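Keep in mind the model is a prediction, meaning the values are calculated, not measured. Order of the sequence lines fixes the chain letters, A, B, ..., with proteins taken first and strands second; residue numbering starts at 1 for each chain.
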Amino acid sequence: MAERITADESASGEVIPQAFYDRDVALVARQLLGKLLVRRSRDGICIGRIVETEAYLASGDSASHSFRGRTKKNAAMFGPPGLAYVYPIHARYCMNAVTQQRGCASAVLIRALEPMVGIEIMRKRRGIDKLLDLCRGPARLCEALAVDRNLDGWNMTCSTRLWIAHDSSRRRQRFHITNSARIGVSSAQEAQLRFFIDGSPFVSGLKRLHRTTPRTKR
DNA sequence: CTACCGATTGACT
DNA sequence: GTCAATCGGTAGA
């Protein structure tokens with residue numbers, strides 16, 4: 001059994017350390033693209049390649065949950081970099097990676113994954129078969145990986161239950177990053193803080209947001 | 001206690 | 001394209 005888990009994990013490389021998260025949130029959001037989100041539970045191990053993220057800034061960002069200060073709900077966001085911040089919305093869950101503290105808290109929302117390992121487990125949890133829809137959307141990927149309030153505040157810099165790892169597989173390919181406005185936020189729509197792997201069919205969002213909106217035509 | 005709302009999703013025209 | 005279900009967190013009576 002132990003050997004089988006090790007074989008699955010060979011797809012993923014080293015656990016991403018705290019120093020990676022302890023940097024500017026927009027930089028971390030870009031650099032998390034292509035990394036592997038790993039979830040180990042009783043059901044087995046599930047791994048998805050991160051293809052879409054959003055940055056929520058530590059200051060002046062009215063769309064960020066930290067904007068109005070610390071509460072019981074967003075406490076994890078004010079913890080050290082590398083924690084998971086999991087919050088409920090519309091009767092579902094979404095997950096973030098906590099990043100650098102700059103007077104206030106910042107975090108990266110994981111918006112979509114390309115399923116890699118444990119796909120049958122994800123199918124069972126989601127109750128659907130279609131590979132493209134298993135992890136396309138922040139609440140969908142949390143359902144697929146069984147991420148809920150129990151993992152709010154979880155330390156993702158150790159390889160237990162939930163962490164992010166470098167992709168050390170030989171199949172790893174280069175990609176281009178595109179950005180756009182963040183999805184679903186009513187304020188700060190001018191900020192281009194959504195990042196995704198260009199051309200990935202596993203990216204969520206409206207068609208008009210699949211391309212960067214030009215700031216000025218010139 | 002009640003009322004309102006949201007970093008969403010899935011069903012429907 | 002549109003729209004309502006869903007429910008924990010939060011604010012206010």
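The distance from atom NE2 of A:H65 to atom C1' of C:dG8 is 12 Å, rounded to the nearest whole Å. Distance A:I128 CD1 to B:dA11 C1': 14 Å, rounded to the nearest Å. Atom CG in A:D133 sits roughly 16 Å away from atom P in B:dT8 (whole-Å rounding). A:R92 places its CZ atom 12 Å from the C1' atom of C:dA4, with the value rounded to the nearest Å. Distance, A:N74 CG to B:dC5 P: 20 Å, rounded to whole Å. Atom CZ in A:R111 sits roughly 11 Å away from atom P in B:dA7 (whole-Å rounding). Between A:Y85 atom OH and B:dA7 atom C1' there is a gap of 9 Å when expressed in whole angstrom units. The CD1 atom of A:I110 sits 17 Å away from the C1' atom of B:dT8 (whole-angstrom rounding).
Contacts of A:R126 with the nucleic acid, taken as non-hydrogen atoms under 4.0 Å apart, involve only primed sugar atoms and P, OP1 or OP2. Contacts of A:A139 with the nucleic acid, taken as non-hydrogen atoms under 4.0 Å apart, involve only primed sugar atoms and P, OP1 or OP2.
Residues A:Y87 and A:H65 place their aromatic rings such that the two centres sit under 6.0 Å apart.
Base pairing of C:dT6 is not made with any nucleotide, judged by Watson-Crick or G-U wobble geometry with both donor-acceptor distances under 3.5 Å. Base pairing of B:dC12 is made with C:dG1, judged by Watson-Crick or G-U wobble geometry with both donor-acceptor distances under 3.5 Å.
B:dA7 and C:dG1 have their C1' atoms separated by 23 Å, with the value rounded to a whole Å.
Take the nearest nucleotide of DNA chain B for A:G184 and for A:E143: the residue whose nucleotide is more 5' is A:G184.
A close approach under 4.0 Å does not occur between any side-chain nitrogen or oxygen of A:R182 and OP1 or OP2 of B:dT8. Regarding contacts with the backbone of C:dT10, a side-chain N or O of A:T71 is found under 4.0 angstrom from either OP1 or OP2. In this model, the phosphate group of B:dG10 is approached by a side-chain N or O of A:R140 to a distance below 4.0 Å at OP1 or OP2.
In this structure, A:Y56 packs face-to-face on the six-membered ring of B:dA7, meeting both the 5.5 Å centre cutoff and the 30° plane limit.
Listed nucleotides: B:dG6, B:dG10, C:dG8. Nearest to the side chain of A:I89: B:dG6. Among B:dA7, C:dG8, B:dT9, the nucleotide with an atom closest to any side-chain atom of A:N96 is B:dA7. The A:K73 side chain lies nearest to C:dT10 when the options are C:dT10, B:dT8, C:dC7. You'll find that the side chain of A:R149 is closest to C:dG8, out of C:dG8, B:dA7, B:dT8. Of the candidates B:dG10, C:dG8, B:dT8, B:dT8 carries the atom nearest the A:H90 side chain, counting heavy atoms from C-beta on.
When each of A:T157, A:V15, A:V28 is tested with A:F20 by the rule side-chain contact (heavy atoms from CB on, under 4.5 Å), just one qualifies, namely A:V28. Here the rule is side chain to side chain donor-acceptor pair (under 3.5 Å) with A:S180, and of A:E54, A:R194, A:Q192 only A:R194 fits it.
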* Take A:M95 and A:L162, measure what side-chain contact (heavy atoms from CB on, under 4.5 Å) needs, and give me the verdict at the end. => CA-CA 11 Å; A:M95 70 161 287; A:L162 181 68; 4.2 Å; yes
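Salt bridge status for A:R125 with A:E143: absent, with no side-chain N to carboxylate O gap under 4.0 Å. A salt bridge links A:D133 with A:R136: the distance from a Lys NZ or Arg NE/NH1/NH2 to an Asp or Glu carboxylate oxygen falls below 4.0 Å.
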